[in-house]
Amino acid sequence: ERGIIQGYRAVLDPKRLGYHVQAMVMINLARHQATRIEDFEAGVAAIPEVKACFHLAGQYDYILHLTARDIDHLADLVKHRLSAIGGVEKQETFLVLSTVKADQGYALQPLFESE
(Lines give C-alpha, C1' and ligand atoms only; values in the text may rest on other atoms or scores of the structure.)
Protein backbone atom coordinates (compact mmCIF):
# COMPACT_ATOMS: atom_id res chain seq x y z
CA GLU A 1 0.00 0.00 0.00
CA ARG A 2 2.83 2.40 0.83
CA GLY A 3 4.90 1.53 -2.25
CA ILE A 4 7.92 0.48 -0.22
CA ILE A 5 8.46 -2.93 -1.83
CA GLN A 6 9.75 -2.57 -5.38
CA GLY A 7 10.22 -6.28 -6.05
CA TYR A 8 11.74 -9.55 -4.91
CA ARG A 9 14.91 -11.31 -6.03
CA ALA A 10 17.03 -14.34 -5.33
CA VAL A 11 20.55 -13.75 -4.02
CA LEU A 12 22.88 -15.69 -6.32
CA ASP A 13 26.47 -16.81 -5.75
CA PRO A 14 28.54 -15.06 -8.47
CA LYS A 15 31.31 -17.67 -8.36
CA ARG A 16 28.87 -20.52 -9.00
CA LEU A 17 27.65 -18.52 -12.00
CA GLY A 18 31.23 -18.28 -13.29
CA TYR A 19 31.96 -14.70 -12.20
CA HIS A 20 35.25 -14.90 -10.29
CA VAL A 21 36.32 -11.25 -10.58
CA GLN A 22 34.63 -8.09 -9.34
CA ALA A 23 35.80 -4.55 -9.95
CA MET A 24 34.82 -0.98 -9.27
CA VAL A 25 35.34 1.36 -12.20
CA MET A 26 35.48 5.10 -11.67
CA ILE A 27 34.44 7.14 -14.70
CA ASN A 28 34.78 10.79 -15.69
CA LEU A 29 32.93 12.15 -18.68
CA ALA A 30 34.57 14.62 -21.04
CA ARG A 31 31.52 16.89 -21.09
CA HIS A 32 28.54 17.23 -18.80
CA GLN A 33 25.83 17.84 -21.38
CA ALA A 34 22.43 16.18 -20.99
CA THR A 35 22.69 14.16 -24.20
CA ARG A 36 26.21 12.91 -23.31
CA ILE A 37 25.05 11.89 -19.84
CA GLU A 38 21.97 10.12 -21.23
CA ASP A 39 24.04 8.30 -23.87
CA PHE A 40 26.56 7.17 -21.26
CA GLU A 41 23.87 5.96 -18.87
CA ALA A 42 22.06 4.08 -21.66
CA GLY A 43 25.35 2.48 -22.72
CA VAL A 44 26.11 1.34 -19.17
CA ALA A 45 22.57 0.01 -18.70
CA ALA A 46 23.06 -2.21 -21.77
CA ILE A 47 26.08 -4.04 -20.29
CA PRO A 48 24.84 -7.03 -18.27
CA GLU A 49 28.09 -7.33 -16.30
CA VAL A 50 27.48 -3.92 -14.72
CA LYS A 51 25.76 -4.81 -11.45
CA ALA A 52 25.29 -1.22 -10.32
CA CYS A 53 26.06 2.30 -11.52
CA PHE A 54 25.92 5.40 -9.37
CA HIS A 55 26.11 9.02 -10.54
CA LEU A 56 28.39 10.87 -8.10
CA ALA A 57 29.29 14.31 -6.88
CA GLY A 58 33.01 14.77 -6.29
CA GLN A 59 36.21 13.76 -8.08
CA TYR A 60 34.52 11.18 -10.32
CA ASP A 61 31.25 11.32 -12.22
CA TYR A 62 30.28 7.64 -11.89
CA ILE A 63 31.20 4.45 -10.07
CA LEU A 64 30.34 1.11 -11.64
CA HIS A 65 30.34 -2.31 -9.98
CA LEU A 66 31.31 -4.94 -12.55
CA THR A 67 31.42 -8.73 -12.46
CA ALA A 68 33.58 -10.73 -14.84
CA ARG A 69 34.51 -14.35 -15.42
CA ASP A 70 38.24 -13.63 -15.16
CA ILE A 71 40.82 -10.88 -15.71
CA ASP A 72 40.68 -11.28 -19.49
CA HIS A 73 36.91 -10.80 -19.43
CA LEU A 74 37.32 -7.72 -17.21
CA ALA A 75 39.96 -6.31 -19.55
CA ASP A 76 37.60 -6.81 -22.50
CA LEU A 77 34.77 -5.06 -20.64
CA VAL A 78 36.96 -2.09 -19.75
CA LYS A 79 38.81 -1.79 -23.07
CA HIS A 80 36.00 -2.51 -25.49
CA ARG A 81 32.59 -2.16 -23.86
CA LEU A 82 33.11 0.82 -21.52
CA SER A 83 35.55 2.62 -23.81
CA ALA A 84 33.09 2.25 -26.68
CA ILE A 85 30.56 4.42 -24.87
CA GLY A 86 30.94 7.94 -26.17
CA GLY A 87 32.04 10.74 -23.92
CA VAL A 88 34.23 8.80 -21.49
CA GLU A 89 37.30 10.89 -20.75
CA LYS A 90 38.91 8.87 -17.97
CA GLN A 91 38.35 5.54 -16.27
CA GLU A 92 40.13 3.94 -13.34
CA THR A 93 39.60 0.31 -12.36
CA PHE A 94 39.92 -1.16 -8.88
CA LEU A 95 39.85 -4.93 -8.30
CA VAL A 96 37.66 -6.16 -5.45
CA LEU A 97 39.73 -8.47 -3.22
CA SER A 98 36.87 -9.54 -0.95
CA THR A 99 33.36 -8.57 0.05
CA VAL A 100 33.27 -7.36 3.63
CA LYS A 101 29.56 -6.54 3.64
CA ALA A 102 27.16 -7.33 0.81
CA ASP A 103 23.95 -5.44 0.11
CA GLN A 104 21.48 -6.41 2.80
CA GLY A 105 18.71 -4.02 1.83
CA TYR A 106 17.69 -0.94 3.77
CA ALA A 107 17.41 -0.41 7.52
CA LEU A 108 13.72 -0.50 8.37
CA GLN A 109 14.00 0.66 11.98
CA PRO A 110 13.90 4.44 11.27
CA LEU A 111 10.85 3.99 9.04
CA PHE A 112 8.77 2.27 11.69
CA GLU A 113 10.01 4.29 14.70
CA SER A 114 7.91 7.27 13.61
CA GLU A 115 4.66 5.29 13.70
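Quick note: numbers below take in every heavy atom, side chains included, and nothing from hydrogens, waters or symmetry partners.
When side chains are defined from C-beta on, V25 does not count as touching L77, because their heavy atoms never get closer than 4.5 Å. Between K51 and T67 there is a side-chain heavy-atom pair separated by less than 4.5 Å.
Note: the hydrophobic cluster containing M26 does not contain V88 (ILVMFWY, side chain heavy atoms under 4.5 Å, direct or indirect links). I63 and V44 fall into different hydrophobic clusters, where Ile, Leu, Val, Met, Phe, Trp and Tyr are joined by side-chain heavy atoms under 4.5 Å apart, directly or via other members. Hydrophobic clustering (ILVMFWY, side-chain heavy atoms < 4.5 Å, transitive): L56 and F94 are in one cluster. In terms of hydrophobic clustering, with Ile, Leu, Val, Met, Phe, Trp and Tyr side chains grouped at heavy-atom distances under 4.5 Å, Y19 and L95 are assigned to different clusters. Neither Y60 nor F40 shares a network with the other; the hydrophobic side chains, linked directly or stepwise wherever heavy atoms of I, L, V, M, F, W or Y lie under 4.5 Å apart, form separate groups for each.
Heavy-atom minimum distance, P48 versus A46: CD-O, 3.3 Å. For the residue pair L66 and V50, the shortest heavy atom distance occurs at CD1-CG2, 4.0 Å. L82 approaches L64 most closely through the heavy-atom pair CD2-CD2, 3.7 Å. Here the closest non-hydrogen pair linking S83 and Q91 is OG-NE2, 3.2 Å. Closest approach of L74 and A68 over heavy atoms only: N-CB, 3.7 Å.
With T93 contributing its side chain and M24 its backbone, the two residues share no donor-acceptor pair below 3.5 Å.
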**OP:** Applying side chain to side chain contact (heavy atoms under 4.5 Å, CB included), run through L17 and L12 and close with a yes or a no.
**Re:** CA-CA 8 Å; L17 293 172; L12 305 175; 3.9 Å; yes

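Listed by first then second residue, pairs satisfying side-chain hydrogen bond (donor to acceptor under 3.5 Å, both in side chains) with a partner in residues 27-43 read H32-D61, E41-Y62, not counting sequence neighbours.
The structure places CG of D76 at 8.0 Å from CZ of R69, a figure rounded to the nearest 0.5 Å.
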